[in-house]
Amino acid sequence: MRLIKMIDKITIKRIEDLLKDGKRLDGRKLDEFREVKVETGVVTKAEGSAIVTIGKSRVIAGVKIGLGKPFPDTPASGVLMTGAEMTAWSNNEFETGPPSPAAIELARVVDRAIREAKIIDLDKLVIEVGEKIWMVFVDIYTMNADGNLFDAAALAAMAALSTAKMPIYKDDEVIRDNLKTNLPTNGKVVSTTYIGIDGKLLVDPTMIEEKALNARLTVGIKDGNIVSLQKGGKGGFTDEEVETILDGALKHSKKLLKALK
Amino acid sequence: MRLIKMIDKITIKRIEDLLKDGKRLDGRKLDEFREVKVETGVVTKAEGSAIVTIGKSRVIAGVKIGLGKPFPDTPASGVLMTGAEMTAWSNNEFETGPPSPAAIELARVVDRAIREAKIIDLDKLVIEVGEKIWMVFVDIYTMNADGNLFDAAALAAMAALSTAKMPIYKDDEVIRDNLKTNLPTNGKVVSTTYIGIDGKLLVDPTMIEEKALNARLTVGIKDGNIVSLQKGGKGGFTDEEVETILDGALKHSKKLLKALK
Amino acid sequence: MRLIKMIDKITIKRIEDLLKDGKRLDGRKLDEFREVKVETGVVTKAEGSAIVTIGKSRVIAGVKIGLGKPFPDTPASGVLMTGAEMTAWSNNEFETGPPSPAAIELARVVDRAIREAKIIDLDKLVIEVGEKIWMVFVDIYTMNADGNLFDAAALAAMAALSTAKMPIYKDDEVIRDNLKTNLPTNGKVVSTTYIGIDGKLLVDPTMIEEKALNARLTVGIKDGNIVSLQKGGKGGFTDEEVETILDGALKHSKKLLKALK
Amino acid sequence: METKPDYLIKGGKRLDGRKLADWREISIKTGVIENADGSAQVDFGKTKVIAAVYGPRELHPRHLVMSDRALVRAKYDMLSFSVEDRKRPGPGRREHEISKVTAEALSSVVLTEKFPRAVIDVFVTVIQADASTRITGLNAASIALADAGIPMKGLVVGVTFGKIYDEKGKGYMAVDVFKPEDQWGQADIAYAKSYNDNKVVLLQMDGDVTKEEFLKGKEMADKAMEYTYKEMVKALKGKYEVD
Amino acid sequence: METKPDYLIKGGKRLDGRKLADWREISIKTGVIENADGSAQVDFGKTKVIAAVYGPRELHPRHLVMSDRALVRAKYDMLSFSVEDRKRPGPGRREHEISKVTAEALSSVVLTEKFPRAVIDVFVTVIQADASTRITGLNAASIALADAGIPMKGLVVGVTFGKIYDEKGKGYMAVDVFKPEDQWGQADIAYAKSYNDNKVVLLQMDGDVTKEEFLKGKEMADKAMEYTYKEMVKALKGKYEVD
Amino acid sequence: METKPDYLIKGGKRLDGRKLADWREISIKTGVIENADGSAQVDFGKTKVIAAVYGPRELHPRHLVMSDRALVRAKYDMLSFSVEDRKRPGPGRREHEISKVTAEALSSVVLTEKFPRAVIDVFVTVIQADASTRITGLNAASIALADAGIPMKGLVVGVTFGKIYDEKGKGYMAVDVFKPEDQWGQADIAYAKSYNDNKVVLLQMDGDVTKEEFLKGKEMADKAMEYTYKEMVKALKGKYEVD
């Protein structure tokens, strides 16, 4: 443990030194995303699924759609639930047990982006008002964690949702074989994350970069609009930096949308 | 931690020394209650609420009334639930996390006093037998803990309940605006707590007194009758001491009832 | 703690030495079961109950039968739930808290034996298809733990079930007084456990023997057929040893069935 | 579920035939859990409780350790099938509260200063419940501690008393309440003393009584307590020196 | 449950009569929890939040200890009766997230290196909720830290802003949202700065706005933030040196 | 939900076309989790499981540390969407039991005495479930340990076998059961050996078979096990010396 932390400190020092020359440890430019890969349909038992790889970070998301009862205050609406697990097998530093605050934040930020962008038309997921609805569960697991889990998780969730098939409700049973109809979705949301210090802003940080520079801002974009924001970390951003990040997010969002096809 | 405990030990020694002369650390007589203040209607979102101050101890209680299903064995009865949290922000020694045994005891002792005194007519809280009832939740939080939380919590719960308004159930909805009707209650219960050692009995103990003398007896009184008793602490009381405490509780209960108006 | 462990190590050494001569610490032969005692009807509040003693190991099992809703995928079937607690009061080494993996394994192995042997006709426990069924809870607690809890627990559960009475459902109420009808059961299952090392196989191990030789195999038998198997421990068995154990289990099962009457 | 009976006492007789001052049959066995350092089973009528004591032993977690004395820890629980409707396994709020007052009552007699830094664990388990389980358990715990050879100032002894009504609704104080009296009676009082110095170490009440009724019931209970104490001493004969 | 209103603003007036750039009445009291090392109650209209600070104090569990600085730990929670429908006691996922961003925002100003190995505990409790509770709580926390005499680079100050619609559905940016605006508006933004260096230390948004709308709302919020900051300084007068 | 099929085998062919002694297609990849010290994905037909190994590393909590050897800890879990009906995240009773038997089976081959006081963590995660998940996971774990360079006496190798019925209800032993056979068949047996010494290190059965049927199935399984072993060795070629 102590040894690892010492190594971390040395690396962090190098990151800071390189940054003075506008350079990053892995040779990327400050505003350069790592390679993004999206594979869908990876788990046929799920109604929708995707593995997203950003550099060495890899996450898997799956969609299960099941019967449920609506919440009392929204009797004519389906339900969307988003969970995330930062698995102990995806990084030496993650632990088993109940979700950490970081995993809860990850799930909630992805959830808000999808929800606020109105990706899923929850009104269309009603079987019987007040009694029977479809519940859409999106679960995200980290497979190999190397930074920027927010953007990877959002992409994976979005890819899984937009390829998900609706089960059929017939004679009190749920049928999940040979499904054809898509889950009704509206458009696509993607998020872009920056970290920074002293005016230097880095897009799509690796895990060690996240440790070095701890002000973070994640911007969810849909159709050129901002649909979610989440600042994290112990540092701050100037007004100008916030604006620069918004512009950067708008730019990167286009490329990320392409990766979703 | 160790430093605090050392200070405690010195203070406890002083309490014991003073007690030999029939004196208390804060100058009170053995059978003297601290000043009691009851404010109601402090949280307008709650159906009923109260802040009770006894010396430097302060607790807040709130009542929420919502729809529920009756328990299978009492289909024609509403439900009363009492909770208490000894918040980590009300005293340096309290901890976050699930309720401690002390907090559970606090909630249960207040609950029993209210329940056994039949303060709430649970039979009147039925909307549809076996199907729909009102659930009355009384939640108590310590705001500043300086001893005798039992009596403060009982007073706060009682004040919140006797000023609580009933929500209206109409067209499958609960309406909580501009409520006029009171929650139906019968009379008032108050509790009085003594601690003691070697025949010396102190009413309304401060926290440091509770640490010094650890035999405790809490007496719930309604209409001059005893409705609840709770002995705590590692010490014991003689038969005579128990009788003296009952008499003291009967006496103090009248003043406490006045504080409730 | 450390002292106990040192004593354990010395005893384990003795067990190993004795074993070379085909002897056991308590004088038994390798294939000799300790004395088995089954008492039923020990808790009259339970629909069925039994205390089983095997040597110094003693467990209690009780059956409660209550109303429930069927699982959505088995609307015409009652429910069997088996729990086990390795109580902190039955052995110095057991701890309080949520069930340990060992206690979970114990419950699940007993559950599977009963379930796979089709001891309870769950189809007969339906009051109203899809709505109301009987739920059969079998709970097992260790009272004094000295090894071979698997076989003791299975026997106790079996004895409690085969002497359990059905409650009566009448006018929306469950009646539990003066019950006459038995819970419908089919036959009896018993299990036999062996531990071993290097070709030496010991039936019905004590706790210290379980610590010494940690390959374990539990065989559930009904009507001369194998209905469940559970290998445990860090060691292994040869193919021949497995066959020897199956033969031994078939033999012992007859005696265990007799103990059940 | 069940309906309230018209009376709990009639013609001087309670529903199980006892008079007001009568207690149920008491049975006490020691050494019932071989692995424990001390143990006892106490039955008050159909209420059966086992207590097992482990200790003094090393205390975990370390931050609970007291440098000048032992911690007495109690854990009260009920078997899931000890009651009419199955109790979910594991302690709930009720169990936590009873564990707390049980530990406090026992702490008043155990000479904890003899075992600095240690813990004495007392496990109280209700095998079958017909009211008065916490008091039956406290008696069992007290005997189990003595059976374990833990030095004590004296035994803790308890009985319950309550208030029950006749066919006209008139209330009477009664000793050692059982299930229907606990469920339907006007008051239910758990009461225990440290028998060396005659001090009240446990007292819990639900109900509605006058001071006079309370004191009367307590006096009746004192007689039952004396009998119980003698039975406890008898059961411990030769194991534990008292008085 | 409740139905969506036809508008949240009409004729330049919001549902509670405010204009777009108006904030609610702000009330600030310090020293409200006597036992705490520092405390404050901040009200934004009907939203009332108490913050209490304990520390620097010894940190448990030990594995969280940092050898070169203090840990700032925040715990945000709501009283069960602070909201319309009773909130189950104990923190849920929402509370855990808010606690995290609150601790991070406060960490940006506290001079943690002054107290190696220690913890500074900040407890934020919503007494009554009418939206903007996390920001009201963050302001209260900031003042409570100052009240506790914890050395800081500056105060953290926050306000919310959002997007609300008129009867034609047209959206407008508005400052300090209250319940109906939070519930029905098109965007809800929590926003806070460290006031020494004017940096954004908390920023969370749900909704749908253009970049221009966002920047406009932020500019409006900056004015409210300045006012809030002055009120905070006033409340701390004599307790804490600023600028 | 689904209804029981009339047969699981007919004319010598199982529902997926296999014969009784046939196993599904096996695919093995190593190094699938870059951050892990060793990892593998094993597919048996549509059952896909990933195992990742971290260690030997420092063990927390300290009270689990063994002074003379390493602890092998296994955690089996399923992705919520790996099965037909969503599985609630987090391990339940089934997962805890499988983790226990997995750790025990692996412990039989790992040379734990080489790493006193350490822990070797094995994480087994079912990506997609079509029966035999614990055995597929155990094979993946075995390879992941080898991939991590952990010294072992040999590989642990497993296959399942079971009993399935034809249209007349007659039972047959079959190797490598898949979902309908697991769900509707008369027996389901998980079976694994340490391949250095040919010892049974995992054996779990639900069902109803005669001793003869069991032994026959086991013999059939041994052939599939040999094939599996060879595939495992092939996948490890150059990474791990065997035999």
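Throughout, a chain's letter reflects where its sequence line sits, starting with A, and its residues are numbered from 1.
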Within 6.0 angstrom of Asp68(E) CG, more than 12 heavy atoms from elsewhere: yes
Please report the closest heavy-atom contact between Thr44(B) and Gln128(E), naming both atoms and the distance. N-OE1, 2.5 Å
Of the non-hydrogen atoms in Val32(E) and Arg58(B), which two are nearest, and what is the gap between them? O-NH2, 2.6 Å
Could you go through Asp139(B) and Arg88(E), starting from their C-alpha distance and side-chain angles, then the distance that decides it, and tell me whether this counts as salt bridge (charged side-chain N to carboxylate O under 4.0 Å, His left out)? CA-CA 10 Å; Asp139(B) 287 302; Arg88(E) 261 178 77 100; over 6 Å; no
Heavy-atom distance under 4.5 Å to chain B: side chain of Ser39(E), backbone, both or neither? neither
So does Arg94(E) have more than 12 non-hydrogen atoms from other groups sitting under 6.0 Å from CZ? yes
Separation between OG (Ser82(E)) and NZ (Lys64(B)), nearest 0.5 Å, reads 8.5 Å
Nearest 0.5 Å, what's the CD1-CH2 distance between Ile33(E) and Trp89(B)? 5.0 Å
Quick check: does any side chain N or O of Asn35(E) sit under 3.5 Å from a backbone N or O of Asn144(B), one acting as donor and the other as acceptor? no
Interface residue of largest heavy-atom contact number with chain E, from Glu85(B), Glu47(B), Met143(B), under 4.5 Å: Met143(B)
Report, as yes or no, whether the 6.0 Å neighbourhood of atom CG on Asp6(E) holds more than 12 heavy atoms from other residues, nucleotides or ligands. no
Contact class of Ala51(E) relative to chain B, heavy atoms under 4.5 angstrom: neither
Using every non-hydrogen atom in the two residues, find where Gly62(B) and Phe81(E) come nearest and quote the distance to one decimal. N-CE2, 3.1 Å
Evaluate Asp146(B) against Glu34(E) for side-chain contact (heavy atoms from CB on, under 4.5 Å), listing each step before the verdict. CA-CA 10 Å; Asp146(B) 185 25; Glu34(E) 297 90 323; over 6 Å; no
Contact between Lys45(B) and Ile127(E) at the side-chain level, heavy atoms closer than 4.5 Å - yes or no? no
Would you give the length of the straight line joining atom OG1 of Thr87(B) to atom CG of Asp77(E), rounded to the nearest 0.5 angstrom? 10.0 Å
Contact summary for Tyr141(B) and Ser80(E), nearest pair of heavy atoms: OH-N, 2.9 Å
Would you say that more than 12 heavy atoms from the other residues, nucleotides or ligands in this model lie under 6.0 Å from the NZ of Lys100(E), or not? yes
More than 12 heavy atoms of other residues, nucleotides or ligands under 6.0 Å from NZ of Lys56(B): yes or no? no
So for atom CZ, which belongs to Phe71(B), do other residues, nucleotides or ligands contribute more than 12 heavy atoms lying within a distance under 6.0 Å? no
Around Phe33(B), counting heavy atoms of other residues, nucleotides and ligands shown, do more than 12 lie under 6.0 Å from its CZ? yes
Heavy-atom distance under 4.5 Å between the side chains of Tyr54(E) and Phe94(B), does that happen here? no
